[in-house]
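For reference, the structure discussed in these notes is given below.
Order of the sequence lines sets the chain letters (A, B, ...), proteins ahead of strands, with each chain counted from 1. Predicted model only: the values in this text are computed from it and were never measured.
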Amino acid sequence: MTRLSQYLLPTEKEAPADAEAISHKLMVRAGLIRQLGAGMWSWLPAGWRAHQRAVQIIREEMDGIGGQETLLPLLQPAQPWRVSGRYDIDELFKLTDRKGADLVLAMTHEEAVTTHVAQTVRSYRDLPLILYQFQVKERDEPRPRAGVLRTREFVMKDAYSFDRDEEGLAESYQRHVGAYDRIMERSGLRWYRVEADVGIMGGLGAHEYMAPCPAGENEVVLAGGYAANIEIASATAQPVSLPQEMDAPLSVATPGLSTVTDVAAALGVPDGALLKAYPVIVEEESERMVLVMLRGDHRVNEIKLAAALRARSRPARPEEIAQRIGPPGFIGPVGLDGRVEILLDDAVQEGSYVTGANELDTHLQGVRPGRDFPFQRADVRTVCAGDTIAGAQVSIEPAIEVGNIFKLGLRYSQPLGASFLDEHGQQRPIWMGCYGIGPARIAAAAVEQYADEHGISWPRALAPFAVHLVALGKAGTPERQAAEAVYESLLADGVQVLYDDREGNPGEKFADAELLGCPLRLTVGRRSLQSGEIEVQVRRGRQAAAGLPLSAGAGELAGAVDALWRALP
RNA sequence: CGGGGAGUGGCGCAGUCUGGUAGCGCACCCGGCUGGGGGCCGGGCGGUCGCAGGUUCAAAUCCUGUCUCCCCGACCA
């Protein structure tokens, strides 16, 4: 039943007042989704159709690489999570049943799937194996936002690969690269596959699939063929002109000047001629303070810093800084006598810099790394505009992460005991990979990327309906009868058609059609009766296309629509 | 978790400062007109003003507490 007079499509003229993101506003206005609570969203019929179209693309590509679809429970015993070490994650929803047993709501399904594989896979003959599912994930997000872009509950396609060795994992991983590339391509999104952080747990490799759009929470760094999440991106910094060398550091009074910009301005040097000092305390090693030094015009990248330190860290508190180094705002690397390790960012070239003097209202000029302070090197800065990679300027774009693929290695198979016997009767651990993709994010990203001032403009692969048929004129009029016939004909030939058979003015109907954003709009009105043609509008760009014959033979109309359809983006 | 903002009918809002009959636009229902870009006229339905407590003759409005939602940041295995 896809008569709009009977279909639940609650469109709104005005967006919810608190919505910011385009997809949030438009998906609510178009009647696709409704909110029940923070990060809790319902999909209404048309929205769910779009979601399920993404699901079907994913399913086909997963099946194409030999994936086997399963369904694992959302509600799970706590025990495997304790074993895997993930029970203490804040985002994990925990609950207790009536008997007092600890349960969790799964945020992903490594524990469950690995448990089963540990039970059922005994031999190398059972490998490789790819299992996947579409299942709800629950995450107690600190801050859900932007409609369905970041929610506490969402459907994810999660896949897990099981291989006998690292080479096997690499092969499974490559298959997923292929499948994911095809999924993204078929969905019609603009997308990038980028290198991604493997996390503090130390995976063996990871990529993310990013859809660039303004509401994106991530940033991707692009240059030539290079594409990486800004969390791990590296690039060559723009050179900075440094002041003249000095034989030794020279104190200079900088009363009240504690920011890079103020000091640089006062001394007449560029921001990049300063060395910014960023003291951190290494987590679980509270005695260990590291002073990260980087150019004044650069920013610390916490992910890269964690990788360099092989541990998480937190910024040192003012009292810790005062006690171990000097007055906050005026600290520097000179004269610390090994009290604090110094980590110098790779972008700091040889030369003469301005640093804090570890003395109130004072800086040092002519500080030379190596001569004036000892250091270790690491790449710990965030890539910024102006950087280059192999000579090419980087561009930094916001993007939504719609999918990620990750080489887990033995991270779960070892604690959960997933192993097999090889040809020689030797027991070996199973090498695992995990592969996630969010159909809701694919849909929302499509809305973000292609919307215009009139509403959504779906890529044809994701549209809830192929055709939005608008009938003009009152019930019982000849034009309405003609529209009915067109609807019945399309329906009979299997065209996905939404038929606007409501009583209403043309303006409302056209506006709703463009808000919902189906790729083709067909209009049947009085004019059609005169011209003998069904009017066609292509949603993307809103241009009129050649009309279709109103009196077409069986299958003819559907064929013509299909031909039009195939030419669409 | 830090900062900011908001809860009044389905949506968007006014009313709160200065306590005194809960209002507007849209949507919805009924009737009529109109009929190719959210049209017009008339008549209606719908809200214990987030919740609890307090002050008062009287609370959407003042006080206290609490819950919820949004935005920015932190976080995001």
Can a cation-pi geometry be assigned to A/R3 and A/Y487, taking NZ or CZ under 6.0 Å from the six-membered ring centre and within 45° of the ring axis? no
Given that A/H24 and A/L472 both sit by RNA chain B, which one's nearest nucleotide is further toward the 5' end? A/L472
Residue pair A/K304 / A/A233: nearest heavy atoms and the distance that separates them: NZ-O, 2.7 Å
Could you please name the option among B/G37, B/A77, B/C69 that lies closest to any side-chain atom of A/A38? B/C69
Mate of B/G10 where both pairing distances stay under 3.5 Å, Watson-Crick or G-U: B/C26
Between B/C57 and B/C11, how far apart are the C1' atoms? Round to whole Å, please. 38 Å
Under 4.0 Å between a side-chain N/O of A/Q537 and OP1 or OP2 of B/G37, yes or no? no
Among B/G38, B/C75, B/C69, the nucleotide that comes nearest once only the side chain of A/R152 is considered: B/C69
Could you encode protein contacts along nucleotides 3-12 of chain B as a string, one character per nucleotide from 5' to 3', using B for base contact, S for sugar-phosphate-only contact and - for no contact, with a heavy-atom cut-off of under 4.0 Å? -------SSS
Contact class for A/R143 vs. all strands (heavy atom < 4.0 Å): base, sugar-phosphate, or nothing? base
Closest of B/C71, B/G36, B/C69 to the A/R527 side chain is B/G36
Looking across every strand, which nucleic acid part, if any, lies under 4.0 Å from A/G504 by heavy atom: base, sugar-phosphate, or nothing? base
For A/F465, check ring pair (Phe, Tyr, Trp, His ring centres under 6.0 Å) against everything at least two apart and list the hits. A/Y7
Please determine which of A/R540, A/R542, A/R539 meets the salt bridge (Lys or Arg N to Asp or Glu O under 4.0 Å) test together with A/D452. A/R539
Students often get this wrong, so: under 4.0 angstrom with heavy atoms, is A/R521 touching a base, only sugar-phosphate, or nothing? base
Sugar-phosphate, base or nothing in reach of A/A513, heavy atoms under 4.0 Å: nothing
Table of protein N/O atoms under 3.5 Å from nucleotides 31-33 of chain B N/O atoms:
none

With sugar-phosphate meaning primed atoms plus P, OP1 and OP2, does A/D512 contact a base, only sugar-phosphate, or nothing at under 4.0 Å between heavy atoms? base
Side chain of A/E20 - closest among B/C69, B/A27, B/C71: B/C71
Mind checking A/E514 for me? I need base, sugar-phosphate or nothing, with any heavy atom below 4.0 Å counting as a touch. base
